[in-house]
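So the structure is just underneath, and the comments pick up after that.
Atom set for the values below is all heavy atoms of this structure, side chains included, hydrogens, waters and symmetry mates excluded.
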Amino acid sequence: MAAGNGNNHNQTAEEQWSSLPNDLLSTVYARFASPRDRLRFAAVCTSWRAVALTCPPRPVLPWLMLDPRGGDKTKRVYSPEDGMVLPRIPLPIEAADGRFVGGYEGGWVVSSDFPLGIVNLFSGTEVVYSSEQRRIIRTRAQESTGSLLVMRKVIFSAAPTSGGCIIAAITDRHGDLALSRAGCPEGRWTTRGFHAEERLTDIAFCNRELYGLMRYRNCLVKFEIGVDEQGAPVLTTVHRLAIQNSPAAYSGGDG
């Protein structure tokens with residue numbers, strides 16, 4: 001015991017911090033929700049960085065971009081975990097001057113300006129898509145040329161770089177739903193239109209299932225997605241889901 005205590009006293013402060021047990025470091029690291037704090041943890045020393053690499057990532061709240069429509073070369077973002085506005089982030093040239101309509105964890109953003117661009121704010125990596133995927137053309141049976149649609153919101157079922165990723169978008173034409181698949185060299189969009197009173201107002205993926213909110217009475221729906229003869233994702237069925245209203249929503253009346 002005496003020899004061990006002597007060795008500890010001979011260690012420098014840096015060596016003592018570096019020799020902390022891995023299970024203790026893992027417990028400390030797991031308590032950090034902020035990406036900034038996790039980066040600081042990994043930057044302490046080699047042993048702390050090794051622990052950070054072995055710990056599974058913790059779900060965190062997404063950063064909020066404060067000026068998605070601005071034409072600046074840098075963007076301001078708010079980190080809910082840190083409770084502060086972070087220093088301006090310089091944009092890759094592929095994303096500069098664009099209007100952002102979607103994103104995915106890890107720094108991925110979608111610029112709706114033609115042509116469609118999907119780029120990582122941190123690495124500058126751009127997802128390469130086919131020429132057909134960089135724009136959405138909606139063609140009706142009675143039309144020969146089709147019409148170009150503008151994307152209002154774009155979401156992903158998985159990371160944009162994964163082959164199994166489904167891309168879903170709400171367009172400016174009565175909230176049409178557009179679908180495409182990432183990682184397909186010959187990929188294209190398929191669209192599904194709705195009546196004006198059934199305009200699609202919002203969409204979200206949950207456990208790789210696609211859900212939507214319709215304008216009419218805020219109807220919640222679940223979309224079933226299949227594939228067509230060319231392997232492109234296509235909407236096959238729309239299920240209306242029952243929503244249980246909270247009694248608190250009707251607290252305005254007497255009795």
Side-chain angles (χ1 to χ4, degrees), residues 59 62 100-112 114-120 125-143 146-244:
F100 297 135
V101 294
Y104 192 80
E105 61 185 50
W108 294 102
V109 295
V110 183
S111 173
S112 69
F114 302 113
L116 171 70
I118 303 175
V119 65
N120 192 290
T125 302
E126 184 178 12
V127 177
V128 178
Y129 288 112
S130 68
S131 58
E132 292 294 326
Q133 287 176 312
R134 286 183 170 269
R135 57 181 185 170
I136 301 179
I137 300 293
R138 184 174 189 264
T139 304
R140 293 182 174 181
Q142 67 271 26
E143 296 176 349
S147 55
L148 184 65
L149 303 182
V150 177
M151 293 175 231
R152 293 172 40 225
K153 180 176 183 178
V154 179
I155 61 173
F156 303 89
S157 65
T161 51
S162 61
C165 172
I166 299 295
I167 314 169
I170 299 178
T171 75
D172 63 334
R173 186 183 179 93
H174 299 314
D176 282 6
L177 177 66
L179 299 172
S180 189
R181 185 183 300 276
C184 296
E186 303 300 326
R188 61 183 180 84
W189 291 92
T190 61
T191 60
R192 167 69 177 271
F194 301 97
H195 296 294
E197 64 273 11
E198 294 183 337
R199 175 186 290 270
L200 189 60
T201 59
D202 203 1
I203 51 175
F205 277 108
C206 180
N207 296 326
R208 301 182 72 90
E209 299 284 351
L210 181 59
Y211 295 85
L213 190 64
M214 296 291 193
R215 179 180 181 180
Y216 180 68
R217 294 184 179 178
N218 289 331
C219 178
L220 179 64
V221 296
K222 178 182 179 182
F223 299 111
E224 295 289 344
I225 301 176
V227 294
D228 62 12
E229 62 279 2
Q230 298 179 345
V234 60
L235 179 61
T236 58
T237 311
V238 180
H239 300 285
R240 294 180 180 270
L241 305 179
I243 302 178
Q244 183 176 1

OG (Ser157) and CZ (Phe205) are apart, to the nearest 0.5 Å, by 4.5 Å

Worksheet entry | Backbone of Ile203 reached by a side-chain donor or acceptor of Lys153 within 3.5 Å | yes

Gly164 and Arg208 have their tightest heavy-atom pair at O-NH2, 2.9 Å

The residue among Leu200, Val101, Thr171, Ile170 that forms side-chain contact (heavy atoms from CB on, under 4.5 Å) with Arg152 is Ile170

**OP:** Evaluate the side-chain proximity of Thr236 to Phe223: yes if any heavy-atom separation is below 4.5 Å, no if none is.
**Re:** no

Glu105 meets the side-chain contact (heavy atoms from CB on, under 4.5 Å) criterion, sequence neighbours left out, with none

Here the gap from Leu213 atom CG to Thr201 atom OG1, rounded to the nearest 0.5 Å, amounts to 4.0 Å

Is it true that a side-chain atom of Thr191 and a backbone atom of Leu177 form a donor plus acceptor pair closer than 3.5 Å? no

query: What's the verdict on side chain to side chain contact (heavy atoms under 4.5 Å, CB included) for Leu179 and Leu210, showing C-alpha distance, side-chain angles and the deciding distance?
result: CA-CA 11 Å; Leu179 299 172; Leu210 181 59; 4.0 Å; yes

Parallel, tilted or perpendicular: which fits the ring planes of Tyr104 and Phe156, with parallel below 30° and perpendicular above 60°?
-> perpendicular

Closest heavy-atom pair, Cys165 versus Ala158, reported as atoms and distance to 0.1 Å, is SG-O, 3.5 Å

Less than 4.5 Å apart, side chain to side chain, heavy atoms only: is that true for Val221 and His239? no

Shortest non-hydrogen pair, Val154 vs Ile167, comes out as CG1-CG2, 3.6 Å

| side chain to side chain contact (heavy atoms under 4.5 Å, CB included) between Val119 and Val109, worked out | CA-CA 6 Å; Val119 65; Val109 295; 3.9 Å; yes

Q) Does the Thr237 side chain pair with the main chain of Glu224, one donor and one acceptor, at a distance under 3.5 Å? A) no

Here the salt bridge (charged side-chain N to carboxylate O under 4.0 Å, His left out) pairs for residues 225-240, sequence neighbours left out, are Arg188-Asp228, Glu198-Arg240

Sequence neighbours excluded, the answer for side-chain hydrogen bond (donor to acceptor under 3.5 Å, both in side chains) partners of Thr125 is Ser123

Check: Are any of the side-chain nitrogens in Arg192 or Asp176 under 4.0 Å away from the carboxylate oxygens of its partner?
Finding: no

Non-hydrogen side-chain atoms of Ile155 and Val110 separated by less than 4.5 Å:
no

Original post:
Can you find a pair of side-chain heavy atoms, one from Arg181 and one from Ile166, that are under 4.5 Å apart?
Top reply: yes

### Message
Run Met214 and Phe194 through side chain to side chain contact (heavy atoms under 4.5 Å, CB included) and show every step you take.
### Response
CA-CA 10 Å; Met214 296 291 193; Phe194 301 97; 3.5 Å; yes

